[in-house]
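Labels below follow one simple rule: chain letters A, B, ... track the order of the sequence lines, proteins then strands, and each chain is numbered from 1.
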There are 2 protein chains.
Amino acid sequence: MKVRIKDIADRAGVSAGTVDRVIHNRGEVSEKTRKRVIGILKEQHYEPDILARTLASRHPLKVAVLIPFHTPENWFWKKPLSGIYDACSELNHFKIEVREFLYDQFAKGDFIEKADEGLNYLPDAVIAAPVYFQETTEFFSRCSESGIHFISVNSNIDHPGQLTYVGQDSRSSGRVAAQLIDFGVLKDSRILVVSIAMDKDNYSHILRREEGFREFWGRNNKASGMEIINLSIAKDSYPYIRRALTETFHKYDSIAGIFVTNSRVYQVAKYLQNTSREDICLVGYDLINPNIKYLNSGTIDFLISQKPHEQGYKALVTVFNKLKMNKQPSPEQLIPIDIICKENLCCYQV
Amino acid sequence: MKVRIKDIADRAGVSAGTVDRVIHNRGEVSEKTRKRVIGILKEQHYEPDILARTLASRHPLKVAVLIPFHTPENWFWKKPLSGIYDACSELNHFKIEVREFLYDQFAKGDFIEKADEGLNYLPDAVIAAPVYFQETTEFFSRCSESGIHFISVNSNIDHPGQLTYVGQDSRSSGRVAAQLIDFGVLKDSRILVVSIAMDKDNYSHILRREEGFREFWGRNNKASGMEIINLSIAKDSYPYIRRALTETFHKYDSIAGIFVTNSRVYQVAKYLQNTSREDICLVGYDLINPNIKYLNSGTIDFLISQKPHEQGYKALVTVFNKLKMNKQPSPEQLIPIDIICKENLCCYQV
DNA sequence: TGTAATTTCGTGTGCGCACACGGCAAAAAT
DNA sequence: ATTTTTGCCGTGTGCGCACACGAAATTACA
């Protein structure tokens with residue numbers, strides 16, 4: 001049934017050690033027998049036994065994690081990390097070693113420094129969040145040269161040789177938001193798109209969310225008559241936001257729906273609650289506590305989750321599958337766009 | 001770092017064989033040394049190495065699957081099965097043996113017969129879908145006596161000693177449907193709840209979905225003024241359904257939303273399309289092809305997925321975690337209630 | 001032709017565990 | 001007092017693989 005190294009060796013008329021050397025490209029095998037062994041390996045569909053392999057192997061699988069660190073103010077990158085660790089403890093038995101190289105997402109120099117440290121660690125694979133496009137590209141190139149596998153999470157750089165990308169299709173998520181609002185408002189309504197203090201690591205996401213949001217009516221319903229108004233708010237402080245919203249409501253009456261392109265939707269919810277405008281459809285991103293509060297109170301109608309935890313989890317599992325199981329992942333692993341409302345919230349809270 | 005049997009043996013002043021006998025309750029150990037070894041095992045937090053264990057063990061982990069078989073007309077039970085096999089091939093290396101015992105969900109006698117066969121197989125664990133309450137209860141009791149672990153999927157019997165239940169919270173899913181329709185219609189609207197040809201294995205689900213649906217307004221919004229009308233259609237044939245719907249629309253004008261409590265929502269969609277009533281909010285269950293068609297055409301607004309594939313998948317993973325990894329699962333594993341619309345459909349299709 | 005250097009290969013050990021077998025004592029039977 | 005039984009325990013082997021070591025075969029060189 002199962003083909004072992006010994007079986008291959010017998011058929012090739014050599015010893016197990018020779019087959020082993022062929023499998024690991026460790027040299028010290030004549031070209032002639034190498035060809036022969038390789039032929040038999042393929043012919044017999046040899047698959048190494050992972051259990052025996054990791055049991056016998058002394059070296060762990062080293063994975064470097066190169067993402068921004070999180071702070072009390074910027075919680076975002078906490079979840080991918082815990083997702084990685086959760087996956088790690090599930091795969092614990094397989095000798096996986098995770099090492100963090102967390103950088104300041106607002107300091108390019110720090111990224112470069114931490115990237116260097118990551119390479120010096122001599123990992124087998126790198127999980128990286130590409131905040132700095134140019135620098136990450138260079139970093140991935142260096143990985144490629146050193147034979148280090150690399151995968152990008154959250155936003156895609158699509159470097160050649162990249163193992164996979166794990167993240168959300170932001171454009172689709174924008175379309176989902178549009179469909180939700182379209183469903184909730186009457187025809188010929190005014191809809192507001194609010195972008196608040198776009199943070200560095202989500203900048204391209206936000207643009208694509210907006211694109212998707214517009215695309216929904218552009219494609220499906222040119223004559224829908226929806227009027228879409230843009231509002232960009234530079235600072236994430238409530239007084240600032242309140243002023244901007246007040247101005248906008250003054251300028252445009254009868255706004256029926258609001259789409260907030262990032263997690264700051266709770267600020268808008270606060271404003272709507274304070275001004276008794278809870279009937280306005282409100283859709284935004286991310287299951288963070290202030291958002292959940294307004295989801296439960298009914299001010300926020302829907303939240304779209306980026307599932308950061310799952311992103312980290314899937315990233316590590318992918319590394320494991322590739323390097324231990326020799327399973328090639330699909331080039332893109334798009335996280336499902338979950339629609340969260342008050343009534344299904346409970347099943348998504350971990 | 002890692003504690004091995006040998007380490008325990010050294011500390012206890014015995015040989016590895018003795019420790020092994022203690023671990024596996026294989027007897028032939030004096031009570032005195034048994035106590036001592038057990039003490040050291042706990043003190044040192046001994047955790048067996050799964051890799052070495054399965055490598056050395058000759059016996060596979062035997063899992064019996066006792067669910068209804070699927071037919072071209074009744075596709076439902078196909079997906080849990082493939083979910084189980086997907087999990088199995090992922091855990092392939094750990095010597096897991098899955099054996100199907102598929103019964104006719106409309107023949108109680110067949111269930112009893114297949115249940116017997118399942119027990120004769122002498123499995124380590126059973127994954128069962130409890131269609132017949134009384135008979136499944138007896139079956140689970142027999143499992144309990146024989147030391148066979150058992151878990152129920154899709155609908156919960158909550159037998160004492162049950163490893164876990166994997167399935168959806170039907171009541172919550174009804175509330176989700178209610179919230180969606182509430183979001184899409186105006187205040188003081190008429191809403192129709194349609195139940196079509198309730199099949200045996202989903203009967204209790206359907207009742208609880210209805211309960212949840214009503215509960216939404218009962219709790220949140222007593223003065224909402226929504227009028228909810230019930231329509232039960234006994235036969236799943238389009239002419240029959242058409243007649244019933246025509247009568248209802250004749251009796252009640254201005255119906256704004258329809259909730260179909262099972263996967264037959266496509267039949268209602270067909271009717272709405274034929275009678276140019278696509279503007280009515282339509283929500284139903286399950287990602288089957290006819291439903292997907294109407295979701296894409298816009299007649300169905302939302303589908304709620306039972307995620308049958310994931311149910312099977314999780315069930316087998318749970319068995320594995322318990323029996324191989326010795327990890328106790330939570331007593332209930334509720335599948336998230338995913339809201340599927342046209343724009344996020346693609347990420348959920350596997 | 002003989003010796004050294006190099007290539008090529010086989011053997012052995014260990015990873016941590018399961019399990020069979022056999023040994024050695026004390027207890028029981030004769 | 002001797003066999004026989006029984007309880008209790010240690011040892012050894014194998015699971016499939018990685019890797020070190022050393023042996024044999026080949027080549028290079030004097």
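We find that CG of B:Asp10 is positioned 11 Å from P of D:dG10, with the value rounded to whole Å. Atom pair A:Lys95:NZ and D:dA18:C1' shows a separation of 10 Å (rounding to whole Å applied). Going from atom CG of A:Leu55 over to atom C1' of D:dC19 covers 14 Å, rounded to whole Å. For B:Asp20 and D:dG12, the CG to P distance is 16 Å, given to the nearest whole Å. When rounded to the nearest whole Å, the span between CZ of B:Arg26 and P of D:dC9 equals 15 Å. Between the CD atom of A:Glu28 and the P atom of D:dC21 there is a distance of 12 Å, given to the nearest Å.
Between A:His59 and D:dA18, a side-chain N or O to OP1/OP2 separation shorter than 4.0 Å is absent. Taking 4.0 angstrom as the limit, A:Thr18 places a side-chain polar atom (N or O) nearer than this to OP1 or OP2 of C:dG10. Checking the phosphate oxygens (OP1, OP2) of C:dG16, no side-chain nitrogen or oxygen of B:Tyr46 falls inside 4.0 Å. Within the 4.0 Å cut-off from OP1 or OP2 of D:dA18, not a single side-chain nitrogen or oxygen of A:Arg58 is found. OP1 or OP2 of C:dG16 has not a single side-chain nitrogen or oxygen of B:Arg53 nearer than 4.0 Å. The side chain of B:Ser30 contributes an N or O atom lying less than 4.0 Å from OP1 or OP2 of D:dC9. Close to C:dC17, at under 4.0 Å from its OP1 or OP2, lies no side-chain N or O of B:His24.
As judged by a 4.0 angstrom heavy-atom cut-off over every strand, A:His93 is placed among residues making no nucleic acid contact. Within the 4.0 angstrom heavy-atom criterion, only backbone atoms of the sugar-phosphate kind lie near A:Asp49; the bases stay farther away. Among the atoms of the strands shown, only primed sugar atoms or phosphate atoms (P, OP1, OP2) are found under 4.0 Å from some heavy atom of B:Ile5. Looking at heavy-atom distances under 4.0 Å, A:Thr54 makes no contact with the nucleic acid at all.
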Q.
Would A:Ser57 and A:Thr54 count as a side chain to side chain donor-acceptor pair (under 3.5 Å) here? Give the steps.
A. CA-CA 5 Å; A:Ser57 168; A:Thr54 55; over 6 Å; no
Q: Please report the C-alpha distance between B:Val131 and B:Tyr103 in whole Å, then the side-chain angles of each, then the deciding distance to 0.1 Å, and finally whether the side chain to side chain contact (heavy atoms under 4.5 Å, CB included) criterion is met.
A: CA-CA 10 Å; B:Val131 172; B:Tyr103 59 90; 3.4 Å; yes
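Counting only heavy atoms from C-beta on, A:Val14 has its side chain closest to C:dG10 among D:dA18, C:dG10, C:dG16.
Remark: side-chain polar atoms of B:Lys95 are not paired, donor with acceptor, to backbone N or O of B:Leu61 under 3.5 angstrom.
In this structure, A:His70 has its ring center no closer than 6.0 Å to that of A:Phe76.
A donor-acceptor contact under 3.5 angstrom links the side-chain atoms of B:Arg21 to the base of D:dG10.
Across A:Phe150, A:Tyr165, A:Tyr132, a single residue satisfies ring-ring contact (aromatic ring centres under 6.0 Å, His included) together with A:Phe140, and that is A:Phe150.
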